[in-house]
Protein chains: 2
Amino acid sequence: MTEAVSRPTLEAVAARAGVSRATVSRVVNGGDGVRAPLAERVRRAVEELGYVPNQAARSLVTRRHDAVAVVVAEPESRVFADPFFALQLRGIGKELAVHDSQLVLLLTEGRADHARVARYLAGGHVDGALVFSLHLDDPLPGLIRDAGVPTVFGGRPHGDPDTGAGGPGVVYVDCDNRGGARAAVRHLLGLGRRRVAHLTGALDQTSAVDRLDGYRDALADVPGGYDPRLVVEGDFTPAGGERAMRELLGRCPDVDAVFAANDLTALGALRVLRESGKRVPEDVAVAGFDDMAPVAEQTDPPLTTVRQDIEEMGRLMARLLLEGLSGGRDRERTTAGAPAVRGKGVILPTTLIRRASA
Amino acid sequence: MTEAVSRPTLEAVAARAGVSRATVSRVVNGGDGVRAPLAERVRRAVEELGYVPNQAARSLVTRRHDAVAVVVAEPESRVFADPFFALQLRGIGKELAVHDSQLVLLLTEGRADHARVARYLAGGHVDGALVFSLHLDDPLPGLIRDAGVPTVFGGRPHGDPDTGAGGPGVVYVDCDNRGGARAAVRHLLGLGRRRVAHLTGALDQTSAVDRLDGYRDALADVPGGYDPRLVVEGDFTPAGGERAMRELLGRCPDVDAVFAANDLTALGALRVLRESGKRVPEDVAVAGFDDMAPVAEQTDPPLTTVRQDIEEMGRLMARLLLEGLSGGRDRERTTAGAPAVRGKGVILPTTLIRRASA
DNA sequence: CTGAAAGCGCTAACAG
DNA sequence: CTGTTAGCGCTTTCAG
């Protein structure tokens, strides 16, 4: 393990180039307003000395850090078990890289870590925070508000402006959970299915609630309508999907279609259906949500599901934060076109992907 | 999005407590050498003002950052497609949290990003770096060496001390790829299989090479020995596994066992075997590597595989770095017991997990 | 045990 | 256009 060596300072570069520190600083930061030959001399000195600015010193005066925190609560390990999070992280990373900003990852695993995160955020190391707020009782959003750091949420936070209960100025990015669910269920209905069940996600997360609402929406349109016995609570995991599916089969053996809250849940459901001798999609059609490639494409049969662009969500979160920081200057359009903006939330569209399971 | 507010300074706290800045500083940093009543007054002032030290100012003088960089090269998206990386990250995060250190994630996606990463590392924002060096031609290790930052590698780097080609002082953590592979292949041989094939990983990664070596080791013991026609190159992905398995079946229809370089490869192989009407394990026994829960437990049949403790690898990398930084003080023992240390590499043990596929 | 003073390395007015 | 002059907020000798 190499020891860190002491790096040359502005002073040293200035001396070598025979100019003042101020001039070197100017050249290093864009270099406008410095005559070409001088600038050239400075650049050579920088090069020869291998000078790299000390960020701590710079931040101290500029109050900028070129870094944003990504806060992830992972009370259960689910966050890490599916590629969802990794994809968002990648989107965030890409966008930040474009703006020359660093990604500081703050993992929390319980109350103990919350204090640490709050302290860090308040300590002014970062220009802003991207927060994945998962659960209803999560104290993190409050702590972060108190830290007084510009923040964008991933996923609609509980009690957001749209539902009327939320605090002002909450910015978030989410996909159209409700619309996507509606589309999936309508597709199942369009197949002629009349007993369409729903295996929900963990209902302390808004995504699960919104998908359930979408399911209800679609069923409101049809004669038979909504039957509460066809709704079983899961938890976004394969195991939860199995459990829920078993319960559903026991309760309503006549079910002919299942909309699972995500692909992992669908995976569990498929397994139980196979065990029970039900054919998919002949006896029971199955649809999922997320379109996680490694899951949805490789189930047997391949899964019909609702696709959301996870990486784009991450990218958009970062962009929104950065735009807010720069006071709305350098606004650009998202690569996905123009997403719908409702209140302070940005909702990305979803697409139904038809495969063999429904 | 809340605007950041200006935080109180040491000065303010000092004024409020009626002491000097120096005294406040002492109290904030452990507080030894300050008389109790005074210290108490300071603590109250800190509390009332909600004072949090400005890290930039502090770093400027202490030259410590309480942050380490995690550098991940992801030229292909594989890094993110499997949970491997997420698990290591989690291990790293846990260990860093214990030491009150932050995790700065540096994602790179090509040459363009390399310069950015090198600059960042050289800029002295972090106390050290954890680097996942994946590919043979990756220029990253070199750049990082030049940055002069203490570094620990994840996975044996190319040309490490053990092979004699590596630079001095390279520290890394890896699992016992070779030994694990050997165990898996011996297990297949123990089942009475005589035509044991190997679907390799991407051979520009040391893990793939080491597993191939383990395969050869095991075969060196038996009469028939090593048959090069039974080795097909894959790339650690399911698609690569399918491709390799198809080629293998074409070339050696008499194969009766397959050792896949990882679980994802095994997944692809299983699919092709099923298509071809081969029964697993009756006709062909299959073993994988990694024991990724969401994959290995849920294949059909469940996969016999070599387990490595990925999270522990991450944790250990962080610990090694931190220990090195503190000059070897506060040394603790790893939770996994005492891993083997060869040269500057720490090799974690692997375990064969028997399931139905072999 | 406490305070005064001197910077850490950099940027940002302000003069020239 | 370039240099001079102040700090940013903190830690750390060094006196008292």
message: Go through it in stages, so that I can follow the logic: the residues are A:Asn29 and A:Arg58, the test is side chain to side chain donor-acceptor pair (under 3.5 Å), and I'd like the CA-CA distance, side-chain angles, deciding distance and then a yes or no.
response: CA-CA 11 Å; A:Asn29 300 296; A:Arg58 179 181 278 176; 3.0 Å; yes
- prompt: What distance do B:Leu89 atom CG and B:Lys94 atom NZ have between them, rounded to the nearest 0.5 Å?
  reply: 12.0 Å
field: Below 4.0 Å: OP1/OP2 of C:dG9 and any side-chain N or O of A:Thr9
entry: no
Start and end of the DNA chain D segment that chain A contacts, any atom under 4.0 Å from a heavy atom: D:dC1 to D:dG9
task: Mind calculating the distance between CZ (A:Arg64) and C1' (C:dC10) to the nearest angstrom?
output: 15 Å
message: Taking the side chain as everything from C-beta on, heavy atoms only, tell me whether B:Val70 gets closer than 4.5 Å to B:Leu106.
response: no
- request: Could you tell me whether the side chain of A:Arg21 has a donor or acceptor atom within less than 3.5 Å of a complementary atom in the base of C:dT11?
  value: yes
Rounded distance (Å) that lies between atom C1' of C:dC10 and atom NE2 of A:His65: 14 Å
message: If I take atom CG from residue B:Asp66 and atom CG from residue B:Asp100, how far apart are they, to the nearest 0.5 angstrom?
response: 7.0 Å
- line: When rounded to the nearest 0.5 Å, the distance separating CD1 of A:Ile92 from OG of A:Ser101 is 12.0 Å
field: Criterion salt bridge (charged side-chain N to carboxylate O under 4.0 Å, His left out) on A:Arg44 and A:Glu47, from CA distance to verdict
entry: CA-CA 5 Å; A:Arg44 193 159 45 237; A:Glu47 182 67 25; over 6 Å; no
- request: May I ask you to verify if any side-chain N or O of A:Thr62 is less than 4.0 angstrom from the OP1 or OP2 atom of C:dT11?
  value: no
- request: Map B:Leu60 and B:Arg35 onto DNA chain C by nearest heavy atom, then report which one ends up closer to the 5' terminus.
  value: B:Arg35
Close approaches to DNA chain C from residues 43-57 of chain B, in residue order (heavy atom, under 4.0 Å): none
task: For C:dG3, take OP1 and OP2 only and decide whether either is under 4.0 Å from a side-chain N or O of B:Thr23.
output: yes
- prompt: Any idea which heavy atoms bring A:Leu49 and A:Pro8 closest together, and the distance?
  reply: O-CG, 3.3 Å
Under 3.5 Å: donor-acceptor pair, side chain of A:Thr151, backbone of A:Val149: yes
query: Which residue lies toward the 5' end of DNA chain D, B:Leu10 or A:Leu38, if each is placed at its nearest nucleotide?
result: A:Leu38
message: Which residue is it: B:Glu311, B:Glu312, B:Glu95? I am looking for the one with a salt bridge (charged side-chain N to carboxylate O under 4.0 Å, His left out) to B:Arg90.
response: B:Glu311
